[in-house]
Amino acid sequence: MMLARRLWYGSWLKGLALLSGFAPMALGAAPAAAGGDGKTPVDLELVLAVDISYSMDTEEQALQRDGYATAVTSPEFLDALRLGPQGRIAVAYVEWAGENEQQVVVSWRVIDGRESAQAFADAVKAAPLRRVYRTSISGALLYSADQFDLNGFKGLRRVIDISGDGVNNQGPPVQVARDAVLSRGITVNGLPLVMKRGAAAAIDVPELDVYYEDCVIGGPGAFVVPVEHVLEFERAIKTKLVLEVAGVAPKPRPGLVVPASSAQPRVSCTIGEKMWLDHWAN
């Protein structure tokens, strides 16, 4: 029975690779550095770090919440979940905005099947919506990284899944924060919301997906899933979570899922701070 299930899983991942250009990644390639005796073993420790800055309108916030809730209860997510070595992951849902504006909306809990997935989804959807000033991706990364030390789990992998629609404009430089997080054995994946690409707003960056790729994400198998249209929220979030739970890394394929670049950043990683100063100094 177990052999048949593993064979099916291998076929499922191969089909995913053929359809979407993804390649399987060894789950044990980057074990978490932390975790001690007495901690509950899980396949993945995952922080979902979600932007609630004022650039996100309430409709986008609601769609984002619904997207995560739908993704964790989807058949694809649950199939990937069951086929891990432990068959369970630990997840926390964090909302962030300015440098000192982070909040755990749903604290660490295990998802090991449909019932626990639905409970997590319900908790995410039940929390009141709020919006806060400024955008500190660096603050969100550092805060999210600290959450791993506060749980009772020991995962094969630790991942921060950060989503947002703007660049860092407050707090430490994003590259400095990102590198500090990576040094702790944590992978950072990105979900940049680029629906406003081409907008004329003074502090919008059209190449937000490139910024996320070069300045925000990192670690073994790190990747970006850009969201270009509101209707893509659910699909993009589901794709991203399935890949993270299944331990799958994307192949280079621009326009679908963009992997981390090893080259010099193509956009300044301090562009947000510069744009903020230029905008508010005039």
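Only a predicted model underlies this, so the values are computations on that prediction, with no experimental measurement involved.
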Rounded at 0.5 Å granularity, tell me how far [atom1] in [X] sits from [atom2] in [Y].
X: E76; Y: L243; atom1: CD; atom2: CG; result: 11.5 Å
X: I217; Y: Y212; atom1: CD1; atom2: OH; result: 11.0 Å
X: I111; Y: T73; atom1: CD1; atom2: OG1; result: 9.5 Å
X: E232; Y: H229; atom1: CD; atom2: NE2; result: 5.0 Å
X: S74; Y: L81; atom1: OG; atom2: CG; result: 10.0 Å
X: E101; Y: R131; atom1: CD; atom2: CZ; result: 14.0 Å

Whether the side chain of [X] engages the backbone of [Y] through a donor-acceptor N/O pair (distance < 3.5 Å, no angle test) should be reported.
X: D43; Y: G87; answer: yes
X: R158; Y: E45; answer: no
X: Q61; Y: R130; answer: yes
X: D51; Y: D165; answer: yes
X: R88; Y: P41; answer: yes
X: R65; Y: V124; answer: yes
X: N169; Y: T135; answer: yes

Given side chains that start at C-beta, do those of [X] and [Y] come closer than 4.5 Å, heavy atoms only?
X: Q175; Y: R178; value: yes
X: L208; Y: V167; value: yes
X: R184; Y: D149; value: yes
X: V245; Y: L44; value: yes
X: F77; Y: I89; value: yes
X: L241; Y: L48; value: yes

Exercise: identify the closest heavy-atom pair between [X] and [Y]:
X: L142; Y: P172; value: CD1-CG, 4.2 Å
X: A180; Y: S183; value: O-OG, 2.6 Å
X: A71; Y: K238; value: CB-CA, 3.7 Å
X: A140; Y: I162; value: CB-CD1, 3.9 Å
X: S144; Y: I160; value: CB-CD1, 3.7 Å
X: A145; Y: I186; value: CB-CD1, 3.8 Å

CA sep, side-chain torsions, deciding dist, call: D112, R82, salt bridge (charged side-chain N to carboxylate O under 4.0 Å, His left out)
CA-CA 7 Å; D112 56 4; R82 285 194 294 266; over 6 Å; no
Checking side chain to side chain contact (heavy atoms under 4.5 Å, CB included) for the pair E244/L46: CA distance, chi angles, key distance, verdict?
CA-CA 9 Å; E244 286 162 344; L46 177 64; 3.9 Å; yes
Result of checking Q102, E99, Q103 against Y143 for side-chain contact (heavy atoms from CB on, under 4.5 Å):
Q102
Only one of V227, T70, T239 forms a side-chain contact (heavy atoms from CB on, under 4.5 Å) with E234, so which one is it?
T70
Trace of the side chain to side chain contact (heavy atoms under 4.5 Å, CB included) decision for E207 with E213:
CA-CA 10 Å; E207 304 85 6; E213 181 187 347; over 6 Å; no
Is the NZ or CZ atom of K240 positioned over Y68's six-membered ring, under 6.0 angstrom from the centre and within 45° of the axis?
no
Hey, what else clusters with I52 if you join Ile, Leu, Val, Met, Phe, Trp, Tyr whenever side-chain heavy atoms sit under 4.5 Å?
V132
Using the rule given for side chain to side chain donor-acceptor pair (under 3.5 Å), can you reason through N151 versus Q147, listing the C-alpha separation, both sets of side-chain angles and the distance that settles it, and then say yes or no?
CA-CA 7 Å; N151 68 29; Q147 303 313 303; over 6 Å; no
Residue pair Q64 / S163, side-chain donor-acceptor N/O under 3.5 Å
yes
Verify side chain to side chain contact (heavy atoms under 4.5 Å, CB included) between F233 and D66, making sure each step is shown before the conclusion.
CA-CA 9 Å; F233 262 102; D66 288 344; over 6 Å; no
Does the ring centre of F148 sit less than 6.0 Å away from the ring centre of W108?
yes
Please evaluate residues N168 and Y211 with respect to the criterion side chain to side chain contact (heavy atoms under 4.5 Å, CB included), reporting the C-alpha separation (whole Å), side-chain torsions for both, the decisive distance (0.1 Å), and the verdict.
CA-CA 10 Å; N168 197 76; Y211 175 88; 3.3 Å; yes
